[in-house]
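Below, all heavy atoms of this structure are taken into account, side chains as well, without hydrogens, waters or symmetry copies. Note on naming: letters A, B, ... go to the chains in the order of the sequence lines (proteins, then strands), and numbering restarts at 1 for each one.
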There are 2 protein chains.
Amino acid sequence: MSPITVSRVLNRPELVTPDTMEVVREAIARTGYVPNMLAGGLASKRSRLVAALFPTIASSMFAETMEALTDRLGEAGYQVLLGLSGYPAAREDDLLEAILSRRPDGILLTGIVHSASTRQKLLAAKIPVVEIWDYTPTPIDMLVGFSHERVGEAVGDYLIAKGYRRLAMIGGDDDRAMQRRKGFLSSLAGHGIEDVPTMAIPAPGSLRTGRQQMARLLDEGHRPDAVFCNSDALAQGVLAEAQSRGMSVPGDVAVMGFGDLDFSPYTFPALTTVRIDRRGIGRIAAEAMLARMEGRAGPEKVLDVGFEVIEREST
Amino acid sequence: MSPITVSRVLNRPELVTPDTMEVVREAIARTGYVPNMLAGGLASKRSRLVAALFPTIASSMFAETMEALTDRLGEAGYQVLLGLSGYPAAREDDLLEAILSRRPDGILLTGIVHSASTRQKLLAAKIPVVEIWDYTPTPIDMLVGFSHERVGEAVGDYLIAKGYRRLAMIGGDDDRAMQRRKGFLSSLAGHGIEDVPTMAIPAPGSLRTGRQQMARLLDEGHRPDAVFCNSDALAQGVLAEAQSRGMSVPGDVAVMGFGDLDFSPYTFPALTTVRIDRRGIGRIAAEAMLARMEGRAGPEKVLDVGFEVIEREST
DNA sequence: GTGAAAGCGCTAACAG
DNA sequence: CTGTTAGCGCTTTCAC
C-alpha cells in the first residue's frame, strides 16, 4: 500500500475503491496515524487555514462574529488562526507578516483602515480577503459590514425626531467610532444643532470609563437631554452615573447605546440602542471566503448587512 | 548567499556576522520575501503554533483568558489556533484530531474532564498540555485554575454567615457548574440545610434564562432569601426578575453571582460575586507552556490561582 | 484504480 | 561564521 493511496483515502475518497478504503481506514485506526498538515499544506499549497484579525475579542461584539466564522469554516474543514491587533491597530502590520508566513488560504480583517504596507502585503499574498464591520464601496477584495457614518446619522435623526435638542456624545477614539460621530454631528447640523459636546476616550470603552465621562460632562456644566454612547458598555456607565445622581432616564436624560448586547434590554429598559447582526457578519464572511477558496459563486463582493435602531423607551 | 544563511538570519541571528545580516536583511526587504512556516515547521519539527480549546469565547470569561494567552505567546513568537468545543464538549475529540494534524508545539484545554480518546491522543502527541479553569491534583500534564467545588463551599459558607437560610441555586449544567453546586450543597448540608431547590439550565446561561428560571422558582412557590447563580449573566436575570416583581435586593432576596464581569458591580450594586483572575489564568498558562516548550523552568505544574468572594452588599 | 518519481521550502547535521 | 547534503511528510504529475 503506497503513501499516495492513504492520501487519497483521506482527501479524495471518490478516487478509491471501497475495498482499499476499508483496508486503509482500518490501518489508520489501528496505528493511530495522525496526518501532518504542515507537510500536506507545503506540498499542495493549501493550508486549510484562515486567519482572522480582530482588535479584541473581550467584547462580545467581535467574539460572536469570531464564533460564527469559526463554526462555519470549521464545518468546511478549515481552522481559524486568531490575531489580536489591539486598539489602535498598532500591531496589525507585524501580525499580518507573521500570519502570512503560515500561508493561510484566506484572511479576514476588522475594519477598512489599513496601512499601505498592510494593503500591499495582502495583495501580494493573492488570497481572498474579507473586510468586516465597516463599509466602503471599494474594499481590498470583499466586504461584509455596514456604514458607521449611517449609524451616526440614524441615531441623530432618531433623537431629533423624539424631540431631543441638547445632545452629547461619549465615544471611543477608534476609526469606526469616529465615523459614527461624523454621521451623528452631520445629522444634528442638518437640524441646526452645532454645539455638541463630545467626550472621546481610548477604545474599547468600558462601563467604568462611560461613567467617568458622564460625570465629567455633567461636572463641566453640560445638561444634555440625550447622550449617544459608542457602545452599550459605555451607555451602562452613563446610566449608572445618571442614576447615582438621581436623574431619571429617559426623563431627565435619554441614553442611546450601540451594539445591543444581551444584557442591555434587561438591565436598562430605558436604553435604546443599535442592533448589529454580529453572528450574521461572521457567517456571511465565512460564506464569501469559502466560495472564493473553493471556486464557487458566493454572496456579493460588497455586502451591506445594515443595522437596526432598537427602541426601548420604557418597560 | 545560501538559503541556510537566510534561515539563520531569521531564526538564529546570533550565529551570523552583522555584515552578512545586513546584506540578507536588505535583500529580504527589497524582494518582499515572506518565510514559509509550513516548510520551516516541517523541517524543524517546531510549528511555533499553540492550540487553545475553549467551550465558547462569547462570554468574556474565556475571551479574556484567550486574550492574555495570545498576547503572551505572541510576544514569544507563537501564534494561537482557536478551537471552540461548545457546550457540552461534544466536538472536543474531533476538534483535537484536526488540531493535532497541524502539529502544535503545545495545547491548552479548558477544564479537566476529557474523553479517554482525547487523553490518549494528547499523551501520544508528546507536547505540553495545560488544563485551565478547573482544579485537580492529577492533571494530564500541567494545570492553572481553581476548584469549583471550593467556590461552591465558599459561597455557601458566606451566605450562611450572612444569616441566610432559605437558599436556592440557578446554574448551568456543565461540569464546572456541577462542581460548584456540589460544594454549595455540601456547605449547606454542613449547616443542616438540606432542601435547596436547584434550577439547571443548559450552559452557557444568559440573562434571559436567568430571569426565566427565577420566575419559575418563584412561581413554583419557593421563597428563597438568597439565590446563588452560576454566572453574573444569570444573576442579572435574577435581579431583573426580582426587581420587576417589586422585590428589594438584598432585602427580600440576596443574589450571588459568579465571575465578576466588568458591568456587575456598577449595574447591580447589590450583587455579590466571585472574582476570578481571568487574564491571570491565560498569562500563567502561557508562561508554563513557554517554559516547557523552551526547556526553561516554569511555574509549578499544578497551580491553584484561587478566587475571591467580592462583597458588594449595597452602594 | 493504483503506484513511482519528483519536489514543495525549509532546517539539522556536519564540513570546512 | 558559512556552505553542502539530505530529508521532513506529503501531494502533484504522469505512468501503468
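Rounded to an integer number of Å, the gap from A/L10 CG to D/dG9 C1' is 13 Å. For the pair B/R102 CZ and D/dG9 C1', the computed distance is 15 Å after rounding to whole Å. In this structure, A/I4 places its CD1 atom 8 Å from P of D/dT12, rounding to the nearest Å. Following rounding to the nearest Å, A/L15 (CG) and D/dT11 (C1') show an atom-to-atom distance of 13 Å.
Remark: A/R30 engages A/E26 in a salt bridge, criterion side-chain N to carboxylate O under 4.0 Å. A salt bridge does not link A/D105 with A/R48: every distance from a Lys NZ or Arg NE/NH1/NH2 to an Asp or Glu carboxylate oxygen is 4.0 Å or more. Under the 4.0 Å criterion applied to side-chain N and carboxylate O atoms, B/R72 and B/E75 are assigned as salt-bridge partners.
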Worked check of salt bridge (Lys or Arg N to Asp or Glu O under 4.0 Å) between B/E149 and B/R180: CA-CA 5 Å; B/E149 189 171 348; B/R180 293 195 290 274; over 6 Å; no
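Between B/R8 and B/S44, the residue anchored nearer the 5' end of DNA chain D, judged by the nucleotide with its closest heavy atom, is B/R8. Residue whose closest nucleotide on DNA chain D sits further toward the 5' end, between B/P3 and A/L42: B/P3. Map A/T20 and B/A43 each onto its nearest nucleotide of DNA chain C; the residue landing nearer the 5' end is A/T20.
Between A/H114 and the options A/E92, A/K121, A/R119, a side chain to side chain donor-acceptor pair (under 3.5 Å) holds for only A/E92.
First and last contacts of DNA chain C with chain A, using any nucleotide atom under 4.0 Å from a protein heavy atom and ordered 5' to 3', fall at C/dG1 to C/dG9.
With values rounded to the nearest 0.5 angstrom, B/L143 atom CG is found 8.5 Å from B/L303 atom CG.
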